Amino acid sequence: MIAVAAKGLGKWYRRQGVGAPTLRGALRRWLSNKPPEGFWALRDINFSVPAGETIGIIGPNGSGKSSLLGLIARTMVPTEGAIETTGRIAALLELGAGFHPDLSGRENIYLNAAILGIAREDIRRRFDQIVDFAELREFIDMPVKHYSSGMYVRLAFSVAVETNPDILLIDEVLAVGDASFQMKCLDRIRQFQKKGKTILFVSHALETVEEFCHGVLLIHEGRLIRQGNPSDVIFEYLKSYMVRLGMLNVEEHGTREVEMRSVRLLDEQGAETATFYTGGALTVEIAYHARRRIEQPVFGFNIKTGNGFYVFGSNTQIAKVLIPAIEGAGQVRLRIKPLTLKQGKFFLSLAVHSWDHAVQYHRQEDLHPFLVKDVSDDKGVFQLNCAWEHRQILK
Amino acid sequence: MIPLVKDLTQHGDLIWNLVARDLKVRYRGSILGFLWTILNPLFMAVIYIFFLRLLAGGGMIIRYEDIIIGVFAWQFTVQCVTAGLNCVTGNTALVKKVYFPRIILPLSVCLSAFVNFLLMLLVQWALLAVLLAMHGAFLGAATFGVPLMSLYHLLFNFSLALLVAAANVYFRDAQHIVNLLLSAWFFMSPVMYPLALVESIARAHPWIGQLYLLNPMTVIITGYRAAQVPGTDFPWTYSSLVGLLIPLALAVLAYNVFQRAQRYFADNL
């Protein structure tokens with residue numbers, strides 16, 4: 001059974017000026033004979049989601065992800081095409097939408113539930129569980145304006161997961177709240193999945209998307225660029241979009257006397273991927289071409305986190321791997337094993353330069369993004385090899 | 001109209017919750033919350049009466065009863081219109097994220113204003129009874145029909161709320177225009193003077209009187225007065241009949257305008 005199907009879906013918006021729309025603007029538009037200016041937030045979107053699947057929607061900011069959710073939730077009307085849904089839809093609301101600051105947590109639970117279409121009777125029955133899940137027992141009769149933002153989110157999420165919809169829409173709401181509550185939320189989402197619910201999930205947390213989703217839609221500039229299994233689509237997204245969109249100081253320069261013509265990131269089995277596992281292996285395969293004979297070139301790399309933190313860097317000179325001279329085509333392999341990076345998004349830079357560092361032949365700064373997934377419970381950026389010992393001295 | 005009824009019965013819970021929210025927030029804390037909502041129109045009434053008597057001198061009879069009824073009824077309309085203005089634009093996140101019949105937003109603010117009005121009606125009756133007793137009169141026989149009349153008044157207010165709610169989404173300066181129109185309308189309706197005042201002018205220019213009766217607020221307020229204050233008659237003319245029917249036509253128009261406009265609310269917020 002198909003839960004959500006989009007057929008030639010398109011959404012057109014009138015381009016609006018700064019600030020709220022005014023009567024003057026409307027009159028001017030009406031009087032001038034020019035056709036209204038606008039843009040397609042979404043165009044030619046075709047996909048179908050089988051019931052029971054979890055689909056991630058990824059893409060850069062402003063690519064149309066939220067408009068797509070709006071169309072599925074029926075809060076917006078498509079300009080062309082159609083969207084068909086089977087079953088009851090609920091959206092996880094953003095931070096406290098529909099909460100009234102002057103009302104208590106208790107009153108807001110009922111209000112929010114009504115907005116989400118949950119029967120009052122159901123909420124009354126499940127009230128204690130909701131409050132416990134939100135961890136707000138002693139604050140439940142306090143006006144929510146005195147809540148911290150974390151408490152707000154916990155309350156909102158706790159009510160929303162009670163909706164028991166057939167299709168659940170999640171728009172980046174899980175990015176808030178502390179780590180332990182996020183874990184609880186993700187647990188709830190797993191339960192939803194087990195119950196055979198359909199979930200559409202907009203997120204920038206690509207690791208989460210890959211972990212949870214059966215399929216991923218990649219949207220860019222209103223077009224559905226790719227759909228397919230998560231690791232493939234995420235790989236493509238990382239490769240072609242994040243780099244191009246300059247999330248880091250991505251650049252490429254050098255004399256190109258030696259050129260890195262292709263760079264592939266390979267997993268343990270030698271397959272190209274963008275997702276690696278802590279403790280596993282990462283191999284970088286560089287195919288180069290030297291236009292002329294270069295004596296003693298140095299190949300180097302470094303790895304940074306998404307916010308520019310320099311994690312590690314090394315080169316063939318430091319590693320005392322002497323490359324006597326190169327000319328024409330060749331290959332360099334860098335093998336990192338075990339990979340001690342922990343969960344997150346990382347960026348690989350590569351360079352080839354002269355022995356004395358005076359000439360950069362080719363440098364690719366932050367050009368190769370990849371994801372690391374971590375199955376352990378340790379925290380941090382790196383995996384440190386550590387062991388505990390305990391000895392009792394005196395009793 | 002049939003889908004409307006279906007929508008409303010399906011979302012009864014939501015309507016009730018939104019009305020309760022409005023009322024709770026208004027009356028939160030104490031009886032003082034309610035006191036303020038009464039004191040406000042009461043002060044208005046006292047100030048009008050004071051100045052009108054000062055201005056008009058002894059020539060015109062202005063009764064407290066008329067002013068109180070006029071001001072209370074006017075407040076009901078003003079509350080619906082001003083709350084209606086912001087009922088969609090003030091709930092941006094909801095309108096963008098959750099599907100529910102949008103008509104619930106203006107409906108719930110009007111219903112909470114209606115509950116408010118009914119509570120004020122009790123105060124109004126107490127005041128009227130005392131005032132009338134002072135010159136040996138009693139509340140009119142049709143007083144108990146007033147809640148029924150107020151349902152019609154509610155329909156009229158709701159229609160206005162639908163129109164201004166939709167307009168405010170499309171041009172945010174609607175609130176300024178509406179406030180301007182409200183103050184003009186206030187003087188063109190017999191809020192702080194009895195209809196008799198206009199009738200004396202209308203004797204020279206009958207068309208003014210007829211035009212005046214087309215104003216639904218004129219017939220609604222005069223209707224309230226005729227029902228409660230003995231000796232006030234409702235002016236049954238063709239114009240006043242049309243004035244009575246205008247809210248019905250307006251309701252149909254407003255409903256259709258709103259339903260058409262609400263499809264694109266999320267785009268324009």
Side-chain angles (χ1 to χ4, degrees), chain A residues 11-14 16 19-27 38 41 66-67 69-79 85 88-104 107-123 143 160 163 169 171 173, chain B residues 7 10-29 33 85-86 88-102 104-105 108 112 164 166-178 180-181 259-269:
Chain A
K11 177 74 192 172
W12 186 86
Y13 288 108
R14 172 172 288 133
Q16 287 185 344
T22 60
L23 186 61
R24 210 180 82 165
L27 277 177
S66 296
S67 295
L69 280 200
L71 290 170
I72 297 171
R74 289 200 294 152
T75 60
M76 288 179 184
V77 190
T79 313
T85 56
R88 217 167 66 84
I89 304 173
L92 266 190
L93 290 178
E94 61 198 37
L95 197 67
F99 278 11
H100 195 289
D102 286 327
L103 296 180
S104 71
E107 290 162 328
N108 268 307
I109 287 179
Y110 283 107
L111 176 62
N112 218 267
I115 289 168
L116 295 170
I118 316 171
R120 196 175 180 77
E121 209 29 66
D122 290 344
I123 287 294
T163 42
L169 308 178
D171 190 356
V173 269
Chain B
D7 273 353
Q10 267 176 2
H11 293 83
D13 221 26
L14 176 55
I15 299 171
W16 162 245
N17 264 283
L18 288 173
V19 172
R21 173 186 78 172
D22 277 3
L23 292 172
K24 271 184 197 154
V25 171
R26 185 173 298 158
Y27 300 132
R28 172 91 331 158
L85 265 173
N86 296 316
V88 178
T89 44
N91 286 301
T92 307
L94 279 188
V95 173
K96 285 191 154 185
K97 290 272 159 140
V98 194
Y99 176 78
F100 55 85
R102 303 304 182 217
I104 285 178
L105 291 171
S108 69
S112 79
V164 297
N168 204 23
V169 174
Y170 286 91
F171 358 94
R172 229 41 72 76
D173 40 5
Q175 37 196 322
H176 304 295
I177 299 165
V178 166
L180 216 72
L181 291 177
Q259 292 299 32
R260 210 173 234 263
Q262 60 94 14
R263 288 162 56 85
Y264 300 102
F265 276 176
D267 295 9
N268 286 286
L269 284 172

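In what follows, chains are A, B, ... by sequence order, proteins preceding strands, each numbered from 1. Since we're looking at a predicted model, the values are computed, not measured.
Applying the 6.0 Å contact sphere to CH2 of B:W16 captures no more than 12 heavy atoms from other residues, nucleotides or ligands. Residue-environment remark: CZ (B:R263) stays at or below the threshold of 12 foreign heavy atoms within 6.0 Å.
Contact of B:I104 with chain A is not made at all, since no heavy-atom distance falls under 4.5 Å. With a 4.5 Å cut-off on non-hydrogen atoms, A:A113 does not touch chain B at all. Of the two parts of A:Y13, only the side chain, counted from C-beta on, holds a non-hydrogen atom closer than 4.5 Å to a non-hydrogen atom of chain B. With a 4.5 angstrom heavy-atom cutoff, A:I89 does not touch chain B via any of its atoms.
The two residues B:K24 and A:L103 have their closest heavy-atom pair at CB-CD2, 4.0 Å.
Every residue two or more places apart in sequence or in another chain that forms a side chain to side chain contact (heavy atoms under 4.5 Å, CB included) with B:D22 is listed here: B:V109, B:S112.
Ranking A:E107, A:R120, A:K11 against chain B, the residue ahead of the rest is A:E107, based on heavy-atom pairs under 4.5 Å. Interface summary for chain A: among B:L18, B:V25, B:I15, the most heavy-atom pairs under 4.5 angstrom belong to B:V25.
B:N17 CG to A:I123 CD1: the interatomic distance, rounded to the nearest 0.5 Å, is 10.0 Å. We find the CG-CG distance between B:D13 and A:L111 to be 10.5 Å, quoted to the nearest 0.5 Å. Taking OG1 of A:T75 as the start and CZ of B:F100 as the end, the distance is 10.0 Å to the nearest 0.5 Å.
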